[in-house]
Amino acid sequence: MAETYDLIIIGGGPGGYNCAIRAGQLGLKVACVEKGTTLGGTCLNVGCIPSKALLHASEIYEGVSGPYADLGIKASGVSLDLEKMMASKAETVDGLTKGIAFLFKKNKVEHITGTGRIVGAGQVEVTDAKGKTTTLATKNIVIATGSEVTPLPGVEIDEERIVSSTGALSLPKVPKSMVVIGAGVIGLELGSVWRRLGAQVSVVEFLPRILPGADAEIAKQAQRQFKRQGFDFHLGMKVTGIEKLKTKLKLTMEPAKGGETQTLEAETVLVCIGRRPYTQGLGLEEVGVKTDKRGFIETDHWKTGAPGIWAIGDCTTGPMLAHKAEEEGVACAEAIVGKAAHVNYNVIPGVVYTSPEIAWVGRTEEELKEAGIAFKKGAFPFTANSRARANHETAGFVKVLADAATDEILGVHMMGPNVSEMIGEAALAMEFRAASEDIARTCHAHPTLSEALRQAAMGVEGWTMQM
Ligand code: FAD
Ligand code: NAD
């Protein structure tokens, strides 16, 4: 057996790399085992970052070839260089993954390339690309192996014509038509990218609504916006099969409640019906780490049932979000050294980076009603916000939900321009357990989009100053 570590982390995604860096800062002898060739996990390599790069570029492309004309900007001869767009995305990913390698060095984290497997208490076996194995001894192990695409039974993802998000981030040409299966975050974000670049996009969703995690009122209004942009929605439908024809794909579907079969044809199909925990080959059963019936590792304050083994991020329960994994990574490292570690699971924002953007933090109206919590609501539309008007970006609104008795903010929901940045203010307020009046009486710069949040908060007590 080689060296002894204080901590070995398996997986170098947002959970693993943040845990490793924090552990390094706290003086632990730490190594991070990552089977991929780069650090950063799903988020940096095939998730958050490449998708946001394409969303940004495609939004500008659509803007100059359409909506910017409303602002008096006439562009002619605009054309798409998809290869360049993909190269610029790859350059961003490359720079950021290298940045993590730099942070590892700076914080004395050893980066071990290979596949990790837990072979006993305090023992991690690492197999490198050539099949050579080394067993490392450690006081603590953190499992941060993330998640993988949930397959659709009977549908084979070839990453060329039938793609997952990974294939959809690297298509070599714009398909004429695309069917997206699943109206969740990936479907709407990557569907937006390819629609903006010229594909006719249809979305097939099992449920009668889009974005099941979001506030229903927001989801309904968002669907209206997406429809206006050209998305074609087939809600309450389940896909029963995809036939691969020579030049196209023929998809059959039927109403989820039962009924007549319908067909859709497309050049490309994107399967995005969720992600599932990835713990394959880790040896969990042998060391007594329990998973729930959906395969998520069960934890209590990031501790598994097996002594010295911890788990964080997408492979555990909770929202499958990079910033949730990051919070857990930091907290877990702090818990390992005996610090008072904490993650406030009530204040984890969610963002959908479409246009308009959708963002929320805390509970939805539906969740509050179901929990029997009396609440008051204030709302404000971007049509009445002067900055949104000046920018000609008026779709959407902000909604603040506050406890009827105490006025504590329980949830904030937004759809509109730049709300991905605005939600931070709401999260901070909730972290401090602010009342809606605290936001309502905070001076916000004029003219800013964030005044819409203030006005919505004022609306809780009925003193919104509408135009
Ligand atoms: P991962 O990032 O999945 O990292 C796990 C790592 O473990 C991987 O690198 C894997 O190679 C490695 N690994 C697995 N098993 C082993 C092993 N046995 N040995 C060694 N290494 C191993 N979230 C957001 O918050 N915002 C977004 O905008 C966003 N956009 C997304 C877009 C897409 C298309 C996708 C697919 C996801 C997106 N997500 C987003 C979700 C986000 O990527 C994940 O929540 C996040 O990456 C989870 O981090 P993690 O560290 O738990 O796991
Ligand atoms: P999702 O859970 O957001 O959406 C999946 C959708 O597919 C749901 O609406 C669900 O009802 C539907 N569905 C499930 N089975 C179906 C079926 N058989 N036929 C039709 N529809 C079906 O999952 P996703 O969009 O695949 O994203 C995976 C994860 O990645 C999510 O947990 C998300 O949090 C994360 N992610 C986050 C971001 C972000 O934060 N901006 C972006 C992309 C991905």
Side-chain angles (χ1 to χ4, degrees), residues 9-19 32-52 54-55 97 112-118 124-127 143-155 164-166 168-169 180-191 203-214 219 234-240 253 256 270-283 311-316 318-326 328-329 348-354 357-359 420:
I9 297 156
I10 308 177
Y17 77 72
N18 282 289
C19 184
C32 179
V33 182
E34 168 56 55
K35 70 186 172 83
T37 48
T38 52
L39 291 165
T42 304
C43 173
L44 264 69
N45 293 286
V46 289
C48 325
I49 300 303
S51 59
K52 267 78 256 181
L54 292 182
L55 278 157
T97 55
I112 301 174
T113 303
T115 303
R117 177 180 166 82
I118 308 170
V124 176
E125 179 191 85
V126 181
T127 307
I143 304 170
T145 50
S147 60
E148 62 177 354
V149 172
T150 302
L152 181 61
V155 174
S164 70
S165 52
T166 302
L169 287 167
V180 170
I181 307 177
V185 195
I186 293 180
L188 295 170
E189 287 188 355
L190 294 182
V203 183
V204 182
E205 163 62 46
F206 186 78
L207 297 173
R209 57 166 287 180
I210 68 166
L211 289 174
H234 302 265
L235 302 184
M237 297 297 282
K238 68 169 183 239
V239 173
T240 50
M253 56 182 184
L270 164 60
V271 180
C272 46
I273 58 166
R275 292 178 65 83
R276 62 183 185 187
Y278 180 77
T279 56
Q280 218 174 303
L282 270 179
I312 55 172
D314 275 14
C315 64
T316 63
M320 287 177 143
L321 296 172
H323 42 282
K324 177 263 193 185
E326 174 183 344
E328 291 185 333
I348 295 180
V351 174
V352 189
Y353 296 82
T354 45
E357 292 184 335
I358 296 161
S420 59

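Both counts, for ligands and for their atoms, begin at 1 and track the order of listing.
- Here is the list of ligand 1 atoms found below 4.0 Å of a heavy atom in Ala325: 49 (O), 52 (O).
- The nearest non-hydrogen atom to atom 5 (C) of ligand 1, considering only Ala144, Cys315, Gly41, Gly40, comes from Ala144.
- Between Pro212 and ligand 2 there is a heavy-atom distance shorter than 4.0 Å.
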Discussion item. Leu190 vs Leu270, test: side chain to side chain contact (heavy atoms under 4.5 Å, CB included). Steps then yes/no.
Written reply: CA-CA 9 Å; Leu190 294 182; Leu270 164 60; 4.0 Å; yes
Fill in: Evaluation steps, side chain to side chain contact (heavy atoms under 4.5 Å, CB included), between Val149 and Arg275
CA-CA 5 Å; Val149 172; Arg275 292 178 65 83; 3.8 Å; yes
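- In terms of protein heavy-atom proximity, atom 6 (C) of ligand 1 is closest to Glu34 OE1, 3.5 Å.
- Remark: ligand 1 and Leu169 share no N or O pair separated by less than 3.5 Å (distance only, no angle test).
- Contact annotation: the side chain of Pro14 never approaches that of Lys324 to less than 4.5 Å [non-hydrogen atoms, C-beta and beyond].
- Every atom of ligand 1 with a heavy atom of Ile10 under 4.0 Å away is listed here by number and element: 17 (C), 18 (N), 19 (N), 20 (C).
- Contact annotation: Val46 has at least one heavy atom less than 4.0 Å from an atom of ligand 1.
- Below 4.0 Å from some heavy atom of Cys43 lie the following atoms of ligand 1, by number and element: 2 (O), 43 (O), 47 (O).
- The protein heavy atom nearest to atom 33 (C) of ligand 1 is Gly47 CA, 3.3 Å.
- Closest to atom 4 (O) of ligand 1 among all protein heavy atoms lies Gly13 CA, 3.5 Å.
- Counting heavy atoms closer than 4.0 Å to ligand 1, residue Pro14 contributes atoms from both its backbone and its side chain.
- Every atom of ligand 1 is numbered from 1 in the order shown, and the set under 4.0 Å from a heavy atom of Ser165 is 34 (C), 36 (C).
- The shortest N or O to N or O distance between Met320 and ligand 2 is below 3.5 Å.
- The main-chain N or O of Tyr353 is found under 3.5 Å from a side-chain atom of Glu189 such that the two form a donor-acceptor pair.
- One N or O on the side chain of Thr145 and one on the backbone of Tyr278 form a donor-acceptor pair closer than 3.5 Å.
- Among Val351, Thr42, Asp314, the residue whose heavy atom lies nearest to atom 44 (C) of ligand 1 is Asp314.
- Taking distance alone, with nitrogen or oxygen atoms compared against 3.5 Å, Leu321 approaches ligand 1 more closely than that limit.
- Closest to atom 24 (C) of ligand 1 among all protein heavy atoms lies Ala322 N, 3.5 Å.
- At least one N or O atom of Gly274 sits closer than 3.5 Å to an N or O atom of ligand 2.
- Heavy atoms of Leu152 found under 4.0 angstrom from ligand 2 belong exclusively to the side chain.
- Atoms of ligand 1 lying under 4.0 Å from at least one heavy atom of Gly313, given by number and element, are 52 (O).
- Not close to ligand 1: Gln280, with no non-hydrogen atom less than 4.0 angstrom away.
- Although no hydrogens or angles enter the test, the distance criterion places no donor-acceptor pair under 3.5 Å between the side chain of Thr97 and the main chain of Gly40.
- Residue contacts with ligand 2: Glu205 is placed with a nitrogen or oxygen under 3.5 Å of a nitrogen or oxygen of the ligand (distance criterion only).
- Close N/O approach between Val351 and ligand 2 is found [any backbone or side-chain N/O within under 3.5 Å].
- Contacts between Arg275 and ligand 1, counted as non-hydrogen atom pairs separated by less than 4.0 Å, involve the side chain only.
- Between Lys52 and ligand 1 there is a heavy-atom distance shorter than 4.0 Å.
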Discussion item. Set out, in order, the CA-CA distance, both residues' side-chain angles and the distance that settles side-chain hydrogen bond (donor to acceptor under 3.5 Å, both in side chains) for Thr42 and Asp314, then state yes or no.
Written reply: CA-CA 10 Å; Thr42 304; Asp314 275 14; 5.8 Å; no
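- Nearest protein neighbour of atom 31 (C) of ligand 1, counting heavy atoms only, is Cys48 N, 3.4 Å.
- At a 4.0 Å heavy-atom cut-off, ligand 2 touches Glu189 through the side chain alone.
- The closest protein non-hydrogen atom to atom 4 (O) of ligand 2 is Gly184 CA, 3.2 Å.
- The nearest protein atom to atom 30 (O) of ligand 2, hydrogens excluded, is given as Arg275 CD, 3.8 Å; this is a heavy-atom distance.
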Worksheet item: Going through the checks in order, is the side chain to side chain contact (heavy atoms under 4.5 Å, CB included) test met by Ile143 and Ile118?
Response: CA-CA 9 Å; Ile143 304 170; Ile118 308 170; 3.8 Å; yes
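- Contact annotation: Leu321 has at least one heavy atom less than 4.0 Å from an atom of ligand 2.
- Among protein heavy atoms, the minimum distance from atom 51 (O) of ligand 1 is reached at Gly15 N, 2.9 Å.
- Counting protein heavy atoms only, atom 7 (O) of ligand 1 is closest to Gly11 CA, 3.2 Å.
- Using a 4.0 Å cutoff on heavy atoms, Pro50 does not count as a contact of ligand 1.
- Contacts with ligand 2 closer than 4.0 Å are made by no heavy atom of Ile210, backbone or side chain.
- Residue contact check for ligand 1: Tyr17 places no non-hydrogen atom closer than 4.0 Å to it.
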Practice prompt. Starting from the C-alpha separation in whole Å, work towards a yes-or-no answer on side chain to side chain contact (heavy atoms under 4.5 Å, CB included) for Leu44 and Leu39.
Written response: CA-CA 8 Å; Leu44 264 69; Leu39 291 165; over 6 Å; no
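- Those atoms of ligand 1 that come under 4.0 Å of a heavy atom in Ser147, given as number and element, are 3 (O).
- Side-chain N or O atoms of Lys35 include none that pairs as donor or acceptor with a backbone N or O of Thr113 at under 3.5 Å.
- Listed by atom number, the atoms of ligand 1 under 4.0 Å from Ser51 heavy atoms are 32 (C).
- Of the listed residues (Ile186, Asp314, Val352, Thr42), the one carrying the non-hydrogen atom nearest atom 27 (O) of ligand 2 is Ile186.
- Not a single N or O atom of Tyr278, backbone or side chain, sits closer than 3.5 Å to an N or O atom of ligand 1.
- The protein heavy atom nearest to atom 20 (C) of ligand 1 is Lys35 N, 3.3 Å.
- Near Ile181, the atoms of ligand 2 lying under 4.0 angstrom from a non-hydrogen atom of the residue are 19 (N), 20 (C).
- Close approach of ligand 1 to Met320 is summarised as follows: ligand atoms under 4.0 Å from at least one heavy atom of the residue are 41 (C), 45 (O).
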